[in-house]
Amino acid sequence: MLIVRDLHTSYGAIAALQGVSFEVPEGSVVALVGANGAGKSTTLNTISGLLRPESGSIRFGENEIAGWRPDRVTGLGLVQVPEGRQVLGSLTVEENLLLGAYTRKDLDVSRDLRDIYERFPHLKKRRRQIADSLSGGEQQMLVLGRALMARPKLLMLDEPSLGLAPLIVKEVFRIIAELKERTTILLVEQNARKALQVANYGYVLEGGRVVQEGPADQLQGDPRIVEAYLGRK
Ligand code: ATP
């Protein structure tokens with residue numbers, strides 16, 4: 001579904017991605033793990049069109065999308081949930097959710113809204129509240145719900161567990177496990193343990209390069225991975 005080949009992206013003189021290649025097959029959850037600064041967010045932001053690659057190929061279905069503008073990429077069903085829970089704080093929960101559907105051409109938005117409220121009952125209770133009044137965990141649910149309103153074919157999640165309390169982290173990963181029944185997911189996480197538990201396949205990024213890859217259960221059992229990324233519970 002998504003095939004990334006030899007991607008290079010720089011910030012001025014800083015070469016953040018130095019030839020990243022990986023694939024996300026339809027129906028799978030693929031995790032990109034790695035330390036701070038490894039290039040995970042840069043990879044997602046290049047795919048979603050927020051950054052322009054210097055070279056390399058990003059193939060999504062039939063289209064070569066490297067260098068496309070973000071709205072065109074989203075229009076194909078490739079939807080990113082960026083790091084940092086970017087809700088529109090002065091809008092209500094429901095207005096935030098509806099914004100997720102703005103690129104859609106069909107009119108069946110109210111049914112999807114009902115679905116989202118079923119999946120996230122907390123959001124239903126708070127539908128008329130402004131998003132700023134939600135807790136961090138609720139805001140993470142809101143950005144996930146908003147992304148689902150776009151009916152993504154491929155959902156890219158950037159550090160969905162960052163800064164959340166352990167119980168909420170558990171809840172976020174429970175939802176990701178549910179979402180994988182209906183959409184393909186590319187997951188970026190520093191929490192490699194949780195990410196590899198939910199993923200089918202994983203890639204390890206280091207210094208802007210993929211240094212290791214494999215089925216998620218194999219990576220979880222690999223002594224080098226355990227030492228570098230899974231040591232701390
Ligand atoms: P994090 O978990 O901290 O987001 P990451 O793996 O997602 O880590 P990136 O944010 O993709 O890593 O960063 C990759 C490299 O690019 C790092 O060396 C980082 O310092 C650099 N970098 C990231 N954003 C910028 C920027 N806006 N300007 C300059 N350099 C940047």
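Whatever order the structure lists ligands and atoms in, that order sets their numbers, starting from 1.
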| said: Using the side chain to side chain contact (heavy atoms under 4.5 Å, CB included) definition, which of the options L187, V29, L186, I3 pairs with V24? | reply: L186
| request: Answer yes or no for atom 20 (O) of ligand 1: protein heavy atom present at a distance under 4.0 Å? | output: no
| note | Residue, atom and distance of the protein heavy atom nearest atom 9 (P) of ligand 1 read T42 OG1, 3.5 Å
| Who's closest to atom 3 (O) of ligand 1 heavy-atom-wise, of L162, L51, N36? | N36
| request: Please report which non-hydrogen protein atom sits nearest to atom 22 (N) of ligand 1, along with the residue it belongs to and the distance in Å to one decimal place. | output: Y11 CE1, 3.4 Å
| note | One finds that the ligand 1 atoms under 4.0 Å from a non-hydrogen atom of E83 are 4 (O)
| remark: E159 heavy atoms within 4.0 Å reach ligand 1 at atoms 2 (O)
| field | Contact check, A35 vs ligand 1, heavy-atom distance below 4.0 Å | value | yes
| field | Test: R174 and E178 ion pair at under 4.0 Å | value | yes
| request: Could you find the nearest protein heavy atom to atom 7 (O) of ligand 1 and give me its residue, atom name and distance? | output: S41 N, 2.6 Å
| message | If the cut-off is 4.0 Å to any non-hydrogen atom of A38, which atoms of ligand 1 fall inside it? | response | 5 (P), 6 (O), 12 (O)
| said: Could you check whether any side-chain heavy atom of R126 comes within less than 4.5 Å of a side-chain heavy atom of F120, counting everything from C-beta outward? | reply: no
| query | Heavy atoms, side chains only, cut-off 4.5 Å: are L50 and Q80 in contact? | reply | yes
| query | Where the side chain of E138 meets the backbone of S135, is there a donor-acceptor pair that is under 3.5 Å apart? | reply | yes
| field | Closest approach of any protein heavy atom to atom 12 (O) of ligand 1, naming residue and atom | value | G39 N, 3.1 Å
| note | Check: of E206, E189, Q190, min heavy-atom distance to atom 2 (O) of ligand 1 comes from Q190
| Side chain S48, main chain P70, donor-acceptor under 3.5 Å | no
| For atom 14 (C) of ligand 1, closest protein heavy-atom neighbour | G37 O, 3.4 Å
| query | What part of I14 sits under 4.0 Å from ligand 1 if we count only heavy atoms: the side chain, the backbone, both or neither? | reply | side chain
| With side chains defined as the heavy atoms from C-beta onward, is the minimum distance between P53 and T9 less than 4.5 Å? | yes
| query | If you measure from the Lys or Arg side-chain nitrogens to the Asp or Glu carboxylate oxygens, is any gap between R5 and E23 under 4.0 Å? | reply | yes
| said: Does any part of the side chain of I168, heavy atoms only, come nearer than 4.5 Å to the side chain of Q140, both counted from C-beta? | reply: no
